[in-house]
4 protein chains.
Amino acid sequence: MVRVLILGLGMVGTTFSVGLERIKKGEIKPYGVPLANVDLGITINDIEIVGAIDIDERKVNSSIYDVAKRIYNMDNVPVTLKDIKVYPGLGGEFVKDLFPIYQADGDHKDTMDLVYKVFEELKPDVIVDVTTTQEGKIYNTWEEYEKDVLAGKAAPSQVYAYLALRYAEETRPVAYVNLIPTPVANNPVIVSAAERVNALVLGDDGATGATPLTADILEHLRERNRKVYSIAQFNIGGNTDFLALTDESRNKAKKETKSSVVKDILGYEAPNYIRPTGYLEPLGDKKFVAMHIMYESFNGVIDEIIVNMRINDSPALAGYIVDLARLAKLALDAGIAGTIYEINAFFMKRPAPLGSKNIARILAYQRLIEFINSIRNKEMATEEEKIPVQ
Amino acid sequence: MVRVLILGLGMVGTTFSVGLERIKKGEIKPYGVPLANVDLGITINDIEIVGAIDIDERKVNSSIYDVAKRIYNMDNVPVTLKDIKVYPGLGGEFVKDLFPIYQADGDHKDTMDLVYKVFEELKPDVIVDVTTTQEGKIYNTWEEYEKDVLAGKAAPSQVYAYLALRYAEETRPVAYVNLIPTPVANNPVIVSAAERVNALVLGDDGATGATPLTADILEHLRERNRKVYSIAQFNIGGNTDFLALTDESRNKAKKETKSSVVKDILGYEAPNYIRPTGYLEPLGDKKFVAMHIMYESFNGVIDEIIVNMRINDSPALAGYIVDLARLAKLALDAGIAGTIYEINAFFMKRPAPLGSKNIARILAYQRLIEFINSIRNKEMATEEEKIPVQ
Amino acid sequence: MVRVLILGLGMVGTTFSVGLERIKKGEIKPYGVPLANVDLGITINDIEIVGAIDIDERKVNSSIYDVAKRIYNMDNVPVTLKDIKVYPGLGGEFVKDLFPIYQADGDHKDTMDLVYKVFEELKPDVIVDVTTTQEGKIYNTWEEYEKDVLAGKAAPSQVYAYLALRYAEETRPVAYVNLIPTPVANNPVIVSAAERVNALVLGDDGATGATPLTADILEHLRERNRKVYSIAQFNIGGNTDFLALTDESRNKAKKETKSSVVKDILGYEAPNYIRPTGYLEPLGDKKFVAMHIMYESFNGVIDEIIVNMRINDSPALAGYIVDLARLAKLALDAGIAGTIYEINAFFMKRPAPLGSKNIARILAYQRLIEFINSIRNKEMATEEEKIPVQ
Amino acid sequence: MVRVLILGLGMVGTTFSVGLERIKKGEIKPYGVPLANVDLGITINDIEIVGAIDIDERKVNSSIYDVAKRIYNMDNVPVTLKDIKVYPGLGGEFVKDLFPIYQADGDHKDTMDLVYKVFEELKPDVIVDVTTTQEGKIYNTWEEYEKDVLAGKAAPSQVYAYLALRYAEETRPVAYVNLIPTPVANNPVIVSAAERVNALVLGDDGATGATPLTADILEHLRERNRKVYSIAQFNIGGNTDFLALTDESRNKAKKETKSSVVKDILGYEAPNYIRPTGYLEPLGDKKFVAMHIMYESFNGVIDEIIVNMRINDSPALAGYIVDLARLAKLALDAGIAGTIYEINAFFMKRPAPLGSKNIARILAYQRLIEFINSIRNKEMATEEEKIPVQ
């Protein structure tokens, strides 16, 4: 059993909930779940969503079922989601430009206590962060971090992570999986603390969309020693994520993540323009991506690749959560604390720990499979040990 | 030193010659040469083109320099190519619809003898086949193969390979590198014979263009368990290769190669339409590729990827030859005979031996690097052995 | 009131039926109906479908409602279609590779009589031909045509047209609107006969999909005196239309139509490859189009345009039928017989009469509007005349 | 003879100069010159470039030949350009972030006098403005305008236009052709003044690139009553124009022009994101455009069109200048003053006079041809009058 708590019940969290329950009912196949056919010892059916946290006043105190139907007009919403509640969260002041905020009594400290109580009550193994992107600092010391957290100056994700660490220390091991660009797993002070308290912090920024495909295309070019001259990549969509990014500071956070891929993989700084470009409401959750890559090949010729994509943003990330929840539990059970590059390198745009490189996704997948095998082999060895030799 | 003989001095062979000499002169960087930055022990400067064989009467008895300038209007042709001669070849009857054929005296047997004498005279280490694609059989027995070869019924590439095997037996080890779709390395009787006579046969069908990128994109989708619904891939170009493929039987050979990639990588038969589509003279050597992939992701959504490419056909393959020549020599020196999947899997669309699977190119690259390291390590171990311990 | 009979109840005919009734109910807006906002004197509500003719045994004697639901799995099918019947047609032997054929009693002559009786019974004003494409001859004399028709050697559309002419002569004026590539309106003997019997023949080959857009893009380039070097256009889809075109002779009919556009508009023969390329079942009725245009602009530079489309094939044509039915009736009422270039030039890929040129669609639209105005003005003048001057 | 003075000798002005001279020499065909095959009475050979004005210190006092060779590394530069000089201009303070500015003696007033003297000396018929885009106001009164011009607060183009008006008043009729977004012809006070002094002001913002094609595609959709849901259009390039637009205020000027097209043509506000998106130096003058249009067609289906372009920015506009110079002279000779919508509607993104609508380019072309014919017919009538009847 893997008990999952969702932070931020937007399109991603809701799609994860709906899709997971539909798979468990046998209504759909687990397409878009990367490791659906890999034996992790923990099955998709083992995942149980225990609750969600949000600050949108239209969602708080409602059920996931209700959010899926009323806010997102989704079809085929399983009734099992009627029993899963949405609890009030923190950080409303960061997103009040985007939707109506639930007004809780008390100050920042009170809200933190409230959230912590939800953790204690729901007893999650895995806390998945799919809240709205905010700029966040990288802290040099625990004291600095704690000070900002308590003063309400840290990014909401960093406050949630702080509470998760406390919960790990006081209650039970937990994994915090951060899928947004805000640096959590890339904050060394957070990872060190996680090591101390037997928590796991995975992240940052779920690698769906055009960026992971770009990574593999760049690797493809690198392996042929083609000299990349320029990369342009435009993204436009109509969901809240794109709307949020029309705010310049949020967009900046996103752009940096994406550009670093180029140098990590090619080994040199190819001029590039890679960023979420605009918001166009009618596109909805299915974004449009246009990419142009120009490179030099043998004997000085110039080639060009153009990629256009029409891809559903939220389901891609939702599918990853199914595996991240299982992998996180697997690692916790194996006694691993801190962060795990092998998982981050495949699933994240900015794989922790801080300073790690992006590698081609196809290579990251190989490393992930090896990592899984090594844990599974140890598990089995341990099982065997337990079996009394006659 | 690697002595290279080119079979078929078309755009690919000529571009290889010009690009190689320009790199050796330091005039251009070795972009498009996959392993330019990998230490093979054999450098690009070690490659020496010893001659070319063709059956186009405008080319025979001329120099590579002359062909590059007069037939292909190339710029920057190094004068070193003035000394490299074009010798008459065999199989003219297969391509008389495409260009004027050099008329040699004597019958098929005489022509074979003539070609064999060229082999003996030029002493190649590596024979590279970039002749025009022809349909070719897969032979069940050596006798059947030899009979067709001697009767002039085998595809020209298969006749050249036969002569190469004789040359290996009678003169010195040689590698035959087949870059066209005609089955040579995929002919088990040829590979077995190669093993016997210390020859190497690599092939078939150089993997440039859209197919290897498609392989990596499909692997990318497979690793996310996205269900591919359909793949359409159109190719159109204006070089002789495309002109030749307007002949239905030649096109069939090409189409089969390409489609097999889908099942090999995805593990299931996704409906696909992948083939060279047409000839449009003004496009020249820079072909246009359009690809559409539709797949199902998490929670039943449908995504689409469209790829458009404008890529120079001949230079891509020419760049591969630089490495294949070096790898073939490296393997011959290490005493390897027969064929080598690790090389074929990266460089070829239909990697020999017959029945081998296509794997994603990014994975094939890893295996290739491991293969190179294993040979290089053995070499060094042997070197050390030779050093007398004091 | 415009009484419409549909020949060939495939995706197009069915979509037309469903869409028309939904618009009449006010359920959807008339998007995709070109002249929805132009006053023709005849409204969309005036159109009444009186029946359909088909030769698919799964459809004959069923209702349009039933075909829409059972064969095409359509949603939102209006119940008003339950009352509209599908009658048996002719030409089954031409399409027996595609679907099960309804077996009627009697020979070809009997079948013709049967169809004629349906005409007499249903009393259509407009007969719309959306049957499966077949090769068809252009006849030099009426005798030749009649001979082939009676012998069952003419294309089915040409037999239907023959019956329509007889119906016009014996019963009432009728318009035959041919939306498939088979030459009907491009057959001078048929048009001449139509003039004699007060019938109208419009056609051939409804101009939806990429071709009309290509026409406008080429006009755009021509008006800037850009020299077009090459045009490649690929089409792939998964409906019966594409399946039918995997038959080489049917494809040939289609390809010729498309290529003629280039010279008609540019004024010179730009090398082109424009044709339906393949069949890929999962694409369904929504085809994928890829187009590449390369041209020279000022001071010798080369530019390129790539167009990719994902377009629903059948609804585009179905929307045209709504207007063609109204325009045909308008013209019949105005006493026009033969064919009308102004209508064909906008709606058809091969606008009749034979030998007419394709013009840019945007220009054709202007001429169409002028034609409509001239008829409407005459109508009004006549109205005024009728009013007794006091 | 048409005497042309170029304001701003950037890529466009230089390409115009080089291309024009090459056409006059018969070295290249006049591709990219829209009306090359239309008889205007004034031929391309009649155009004479009399000088250029710039403020880049690397260009001032040099020749056009020198600028073409040294700054833009162009090939095939005709030696006739050695005799055409580059004179110092005004407005350096607006572009000092982009290149080194020529430092003239004296204040703004002195510089204006200097430019005016160049006008008087070179005696242009047509002054073509291809300077760098700057934000510019629309003035309510001549006094306001004059005050800003004299104070150096108006955009440079508006100052040049002011001087052109004075030149028309004091010396000879002149046409000012503004090809940048800064409002000149869209300034009613300037057009009124032009009417008074027998000057012509054409503009604003040359309609090359993706926008005019988008206009025609939108018209194509409108004429089929397809409901456009959204339009995304990205542009990225590596020339000074794109570099300049990384400055937010310059970009804003450009974006507004582009978006207005949508409503003008469709008749409703389809959500759109249309703007120059970024700067990527390796793309050079050949920009990359990606466009996505989504619309509803018949029976509620959704279609999509994706357009990707690789187009040379400067030559497209340079080719227009060849015609604009000739048309401007034709109109001046015919005694027309003020501005001419028929010319602007085809060549400009924001056709003057202020408040005019954009129409589809294919329709604008028809109106342009009619305008030309009407002038030419009058000319001929006048010619005939002059011929004494015997």
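If you're wondering where the values come from, they're calculated on a predicted model, not measured in any experiment. These values consider heavy atoms only, across backbone and side chains, with no hydrogens, waters or symmetry-generated copies.
Taking chain C as the reference chain and counting heavy-atom pairs below 4.5 Å, the highest number among D:E219, D:K29, D:E304, D:H220 is found for D:H220. Ranked by heavy-atom pairs under 4.5 Å with chain C, the first of D:E296, D:M309, D:R224 is D:R224. If you tally non-hydrogen atom pairs under 4.5 Å between each of C:L20, C:V301, C:I369, C:L221 and chain D, the highest count goes to C:V301. When D:I28, D:D216, D:L317 are compared by the number of non-hydrogen pairs under 4.5 Å with chain C, D:D216 comes out ahead. Between chain C and the residues D:M291, D:M74, D:R222, D:R310, the most heavy-atom pairs under 4.5 angstrom are made by D:R310. When each of D:A360, D:P212, D:A316, D:G300 is scored by its heavy-atom pairs under 4.5 Å with chain C, the top score falls to D:P212. Most heavy-atom pairs under 4.5 Å with chain C: of the set D:V33, D:V38, D:I23, D:L368, this distinction falls to D:V33.
When heavy atoms are compared at a cutoff of 4.5 Å, D:K286 approaches chain C solely by way of its side chain, counted from C-beta outward. When heavy atoms are compared at a cutoff of 4.5 Å, C:R22 approaches chain D solely by way of its side chain, counted from C-beta outward. Interface remark: D:R361 contributes backbone and side-chain atoms alike to the contact with chain C (heavy atom separation under 4.5 Å). For D:I305, the parts lying under 4.5 angstrom from a heavy atom of chain C are both the backbone and the side chain. Interface residue D:N37: only side-chain heavy atoms are found under 4.5 Å from chain C. Looking at C:E27, neither its backbone nor its side chain comes within 4.5 Å of chain D, counting heavy atoms on both sides.
The 12-atom threshold is exceeded at NZ of C:K25, counting heavy atoms of other residues, nucleotides or ligands nearer than 6.0 Å.
Of all heavy-atom pairs spanning D:F298 and C:T15, the tightest one is CE2-O, 3.5 Å.
Remark: D:Y365 engages D:F346 in a ring-ring contact (aromatic ring centres under 6.0 Å, His included) (not counting sequence neighbours).
Residues C:I311 and D:Y295 are in side-chain contact: their nearest non-hydrogen atoms beyond the backbone lie under 4.5 Å apart.
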Note to self: Would C:N308 and D:N308 count as a side chain to side chain contact (heavy atoms under 4.5 Å, CB included) here? Give the steps.
What the structure shows: CA-CA 8 Å; C:N308 293 293; D:N308 291 291; 4.0 Å; yes
Next item on the list: Determine, step by step, whether C:Q366 and D:E223 satisfy the side chain to side chain contact (heavy atoms under 4.5 Å, CB included) criterion, reporting the C-alpha distance in whole Å, the side-chain angles of both residues, the deciding distance to 0.1 Å, and the verdict.
Entry: CA-CA 10 Å; C:Q366 298 307 308; D:E223 292 177 355; 4.0 Å; yes
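Chain D is approached within less than 4.5 Å, heavy atom to heavy atom, by C:G319, C:Y320, C:V322 from residues 319-327 of chain C, ordered by number.
Checked by atom type and distance alone, the side chain of C:N225 pairs as donor or acceptor with a backbone atom of D:P30 at under 3.5 Å. A donor-acceptor distance shorter than 3.5 angstrom exists from the side chain of D:N312 to the backbone of C:I302, with no hydrogens or angles considered.
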